[in-house]
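Following: one structure in structure tokens, then a few remarks.
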There are 2 protein chains.
Amino acid sequence: MTIKDVARYCGVSVSTVSRVLNNHPDVSKQVRARVQEAIATLHYVPNKSARDLVAAPMNAIGVVIRGSGNPFFTPIINAMDEEADKHDCTLISELISDRDNEISAAAEFVRSKRLKGIIFLGGRFDYTQDEIASIGVPFVCCTFDNQFGDLDESSFSSVSIDDAAEALKATEFLLEHGHRKIAILLDSVDSNSVGALRYSGYCAALKDAGVPVDCDLVVQTGGFSMSSAYDETLALLGRRPDVSAIFSISDSMAVAAMKAISDLGRRVPEDVSVIAIDGIESSLYTVPTLTTLCQPQQTFGKTAVQVLMGVLNDGAQNEHLRLETTLRVGGTVGSR
Amino acid sequence: MTIKDVARYCGVSVSTVSRVLNNHPDVSKQVRARVQEAIATLHYVPNKSARDLVAAPMNAIGVVIRGSGNPFFTPIINAMDEEADKHDCTLISELISDRDNEISAAAEFVRSKRLKGIIFLGGRFDYTQDEIASIGVPFVCCTFDNQFGDLDESSFSSVSIDDAAEALKATEFLLEHGHRKIAILLDSVDSNSVGALRYSGYCAALKDAGVPVDCDLVVQTGGFSMSSAYDETLALLGRRPDVSAIFSISDSMAVAAMKAISDLGRRVPEDVSVIAIDGIESSLYTVPTLTTLCQPQQTFGKTAVQVLMGVLNDGAQNEHLRLETTLRVGGTVGSR
DNA sequence: ATGAAAGCGCTAACAT
DNA sequence: ATGTTAGCGCTTTCAT
């Protein structure tokens with residue numbers, strides 16, 4: 001069932017069918033009606049790939065998302081959608097799995113949809129100048145930057161927080177509340193990723209306070225799953241009952257940690273305090289409410305699009321924006 | 001930058017380039033190397049739309065997902081991926097937004113990717129025979145069925161739970177624990193959707209127990225958001241302090257309800273009991289653990305693919321499978 | 001207002 | 001082993 005079949009069916013040319021398909025004006029009322037009826041009865045649906053190939057050079061940008069289920073991304077994506085609309089621009093999203101390479105995914109995406117630009121949501125921090133060359137359009141890293149790669153600053157944009165500085169803030173908050181035995185819950189200290197950055201902030205805060213880093217309190221879960229965060233917190237509290245506070249690099253891991261603390265018969269924050277970074281929706285509903293440094297999720301989405309549109313339409317330079325978090329004081333940090 | 005450019009660049013024909021692109025054997029070592037080098041230096045990336053158009057008639061099925069951020073879907077999608085692999089079949093996923101029509105999205109999707117079949121994850125319960133005609137390939141509704149539409153049973157498959165029966169079970173569980181003032185937290189009673197189905201099970205259970213349905217205890221939030229569930233629970237407990245238990249039609253709404261209960265200075269389960277249906281990961285980490293009827297998420301994904309493959313490859317009939325939930329006894333239901 | 005024809009980028013016969 | 005050619009389904013000049 002192609003456009004040809006429809007054309008043949010009602011005895012017109014394919015161009016006529018194409019015209020009614022695309023709402024072009026110069027088609028007689030009768031013919032238009034006839035074609036539309038044919039389309040309906042034949043259940044004809046145009047082939048998007050064929051359309052994309054010919055490509056009305058639309059105004060479209062894409063977002064490549066790694067980790068569909070990540071609740072942290074949801075508000076960001078919504079904000080992107082909204083902002084793209086304001087710029088009369090279509091935002092097309094492409095989901096990739098953990099094993100996919102976001103660079104090649106983006107390159108393919110750009111070609112097949114003729115995208116003007118790309119936003120990455122959840123990507124590596126260590127791209128090389130060589131590998132990004134395949135992308136071919138301006139791009140912006142959203143919620144991360146290229147701290148471990150060799151990318152030229154002027155060759156791309158980013159919108160993110162200063163992970164080390166924010167982790168330092170979080171740790172300082174605990175220190176200010178009198179905590180000294182502060183554990184950190186993270187994926188890995190040498191992941192070339194957010195874990196490493198936030199770990200450095202944690203270390204810096206301790207150092208500033210004259211507290212030595214205790215390896216035993218550095219809990220590496222090997223990922224961001226709640227189950228491993230739970231297990232590792234259980235283990236931590238087992239071997240080190242003296243821990244008085246935990247800094248988790250993500251909200252969801254903090255939620256799992258809180259459960260582990262509770263399951264051991266300890267209380268948050270009376271026995272163990274918890275602080276994190278993220279500000280995902282569900283961390284509002286823990287009891288007590290999670291104290292966390294909220295990342296500006298909507299602003300991330302909005303700004304990422306704005307920066308991209310600036311480069312695309314106004315010939316602006318690439319830029320690297322660092323947004324700040326907002327401390328949300330919940331009830332998970334107590335004083336010592 | 002197209003395949004032609006690459007061909008011209010290294011003085012070969014496009015077919016030769018195409019051959020190395022697709023790893024065809026009959027290309028000399030030297031030429032292959034030369035082409036690969038050209039591809040690398042030119043940063044050439046094939047156009048997926050063009051490829052899809054010519055279509056190696058691959059073995060691919062698609063899943064149309066409404067609600068990217070839905071944590072309930074994550075394990076289901078992973079299971080689908082795995083199962084598709086086992087059948088030497090590629091699963092391609094397509095995200096759609098709330099305002100999109102999943103039927104037309106699927107129809108387009110099928111055409112452009114030449115899909116053999118489709119799975120719907122999160123769709124309407126009231127399709128008409130006419131509108132599904134455009135899909136053109138076998139499809140299966142995953143986690144829902146067509147209870148409010150007029151679809152012929154033999155024209156599609158479904159894998160779901162019996163929503164009314166499960167809601168009845170949940171409500172009965174509360175009744176068995178001595179509760180009589182049982183509120184229900186749902187999106188809407190007449191949504192032509194899961195809310196309506198589970199509401200009917202709730203009513204049936206009350207009726208069986210001789211407990212009249214109290215309209216005041218039917219809390220309609222107009223959606224599935226945590227924030228409205230929180231607000232409405234606050235309102236409920238304000239106007240009806242005698243409520244002793246809440247049946248929430250989803251885990252995430254239950255989590256929000258628990259927070260509302262706690263914020264009012266009441267305790268779960270001593271003052272108010274909570275039960276739900278879903279079994280999402282995060283409901284394992286509430287304190288106390290949410291008591292809920294866990295839907296068989298992995299089995300949903302796996303079975304949906306199996307059913308589709310059966311229809312596709314083995315000429316099996318369409319079927320409508322009803323899976324059962326598993327009661328997970330957490331700590332949110334107490335006795336009266 | 002309508003049709004004919006070229007071509008988007010690619011793959012796959014079919015030559016050679 | 002490599003090149004030539006005919007489409008895939010569609011949009012879009014350019015005629016008429």
Side-chain angles (χ1 to χ4, degrees), chain A residues 1-36 38-39 42-60 104 107-115 134 136, chain B residues 1-36 38-39 42-60 104 107-116 134 136-137:
Chain A
M1 179 56 44
T2 76
I3 197 173
K4 270 187 188 168
D5 300 309
V6 180
R8 197 173 311 128
Y9 181 86
C10 38
V12 299
S13 73
V14 292
S15 6
T16 301
V17 178
S18 176
R19 283 188 188 100
V20 349
L21 242 30
N22 296 282
N23 287 314
H24 286 300
D26 42 356
V27 180
S28 77
K29 255 201 144 86
Q30 310 89 287
V31 173
R32 182 181 300 273
R34 198 143 47 90
V35 171
Q36 275 164 340
I39 289 175
L42 294 178
H43 301 297
Y44 164 73
V45 178
N47 184 319
K48 196 68 171 40
S49 289
R51 282 187 147 170
D52 285 338
L53 197 54
V54 214
M58 265 223 318
N59 208 26
S104 34
E108 264 196 6
F109 196 26
V110 167
R111 301 313 186 275
S112 33
K113 302 288 182 185
R114 285 182 150 69
L115 304 174
S134 67
Chain B
M1 178 55 45
T2 76
I3 197 172
K4 270 187 186 167
D5 300 309
V6 180
R8 196 174 311 128
Y9 181 86
C10 38
V12 299
S13 73
V14 292
S15 15
T16 301
V17 178
S18 176
R19 284 188 187 100
V20 349
L21 243 31
N22 296 283
N23 287 314
H24 286 299
D26 41 358
V27 181
S28 76
K29 255 201 146 88
Q30 310 89 289
V31 173
R32 183 181 300 273
R34 197 142 49 88
V35 171
Q36 275 164 341
I39 289 174
L42 294 178
H43 301 297
Y44 165 73
V45 177
N47 184 320
K48 195 68 169 42
S49 289
R51 280 187 150 170
D52 285 339
L53 197 54
V54 247
M58 263 224 318
N59 208 24
S104 33
E108 265 195 6
F109 196 25
V110 167
R111 301 315 185 273
S112 35
K113 303 286 183 186
R114 284 183 153 71
L115 305 175
K116 296 271 207 312
S134 66
V137 296

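In the text below, chain A, chain B and the rest are named by the order of the sequence lines, each starting its count at 1.
Between A:Lys113 atom NZ and C:dG9 atom C1' the separation is 15 Å, expressed in whole Å. Across the protein-nucleic acid pair, A:Asp52 atom CG and C:dC8 atom C1' stand 11 Å apart, rounded to whole Å. One interatomic measurement links the two molecules: CZ of B:Arg34 to C1' of D:dT2, which rounds to 11 Å at whole-angstrom precision. For the pair A:Ile3 CD1 and C:dG3 P, the interatomic distance rounds to 12 Å; values are reported in whole Å. Atom CE in B:Met1 sits about 15 Å away from atom P in C:dC8, given to the nearest Å. Between the CD1 atom of A:Ile39 and the C1' atom of D:dC10 there is a distance of 13 Å, given to the nearest Å. Distance A:Glu108 CD to C:dC10 P: 11 Å, rounded to the nearest Å. Atom P of nucleotide D:dG9 and atom OH of A:Tyr44 are separated by 10 Å, given to the nearest angstrom.
The side-chain heavy atoms of B:Lys116 and B:Val137, taken from C-beta on, include no pair separated by under 4.5 Å. Counting only heavy atoms from C-beta outward, the side chains of A:Ile3 and A:Pro46 never approach each other to under 4.5 Å.
Neither OP1 nor OP2 of D:dA1 sits under 4.0 Å from any side-chain N or O of B:His24. Look at A:Ser28 and you'll find a side-chain N or O under 4.0 angstrom from OP1 or OP2 of C:dT2. OP1 or OP2 of C:dT11 has at least one side-chain nitrogen or oxygen of B:Arg51 nearer than 4.0 Å. A sub-4.0 Å separation between OP1 or OP2 of C:dT11 and a side-chain N or O of B:Asn22 is present.
In this structure, A:Arg51 contributes its side chain and A:Asn47 its backbone to no donor-acceptor pair below 3.5 Å. Of the possible donor and acceptor atoms, none in the side chain of B:Asp52 sits under 3.5 Å from a partner among the backbone N and O of A:Ser49. Judged purely by atom type and a 3.5 angstrom limit, B:Ser18 has no side-chain atom pairing as donor or acceptor with the backbone of B:Val14.
Evaluation of the side-chain contact (heavy atoms from CB on, under 4.5 Å) rule for A:Thr16 yields A:Val12, A:Ser13, A:Arg19, A:Val27, A:Val31 as partners, not counting sequence neighbours. With sequence neighbours excluded, the residues that form a side-chain contact (heavy atoms from CB on, under 4.5 Å) with B:Arg8 are B:Lys4, B:Asp5. Annotation: side-chain contact (heavy atoms from CB on, under 4.5 Å) contacts of B:Tyr9 (sequence neighbours excluded): B:Ala38, B:Thr41, B:Leu42. Under the side-chain contact (heavy atoms from CB on, under 4.5 Å) criterion, B:Leu115 pairs with B:Ala60, B:Ile92, B:Phe109, B:Val110, B:Lys113, B:Ile118, sequence neighbours left out.
Contact detail for B:Thr2 and B:Tyr44: the closest heavy-atom pair is C-CE1, 3.5 Å.
A donor N or O paired with an acceptor N or O is found under 3.5 Å between the base of D:dT4 and the side-chain atoms of B:Ser15. The base of C:dA1 has none of its N or O atoms less than 3.5 Å from a complementary donor or acceptor on the side chain of A:Thr16.
Checking D:dC10, C:dG9, D:dT2 against every side-chain atom of B:Val27, the shortest atom distance belongs to D:dT2.
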Sub-3.5 Å pairs of nitrogen or oxygen atoms, protein against nucleotides 14-16 of chain D:
none

Might you list the N or O atoms of the protein lying below 3.5 Å from N or O atoms in nucleotides 6-8 of chain D, with each pair's distance?
residue	atom	partner	partner atom	Å
D:dC8	O3'	B:Arg114	NH2	3.4

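Heavy atoms of B:Asp26 sit under 4.0 angstrom from at least one base atom.
Each end of the helix from C:dA1-D:dT16 to C:dT16-D:dA1 gets its own rotation axis from five pairs of C1' atoms, and the angle between them is 40° to the nearest 10 degrees.
Note: B:Leu53 CG to B:Arg111 CZ = 14.0 Å, rounded to the nearest 0.5 Å. Here the CG-CZ distance, from B:Asn59 to B:Arg114, works out to 14.5 Å after rounding to the nearest 0.5 Å.
Nearest-nucleotide positions on DNA chain D for A:Lys48 and B:Val31 put B:Val31 closer to the 5' end. Between B:Val45 and A:Pro25, the one whose closest nucleotide on DNA chain C sits nearer the 5' end is A:Pro25.
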- Task: Verify side chain to side chain contact (heavy atoms under 4.5 Å, CB included) between B:Leu21 and B:Ile39, making sure each step is shown before the conclusion.
- Result: CA-CA 9 Å; B:Leu21 243 31; B:Ile39 289 174; 3.3 Å; yes
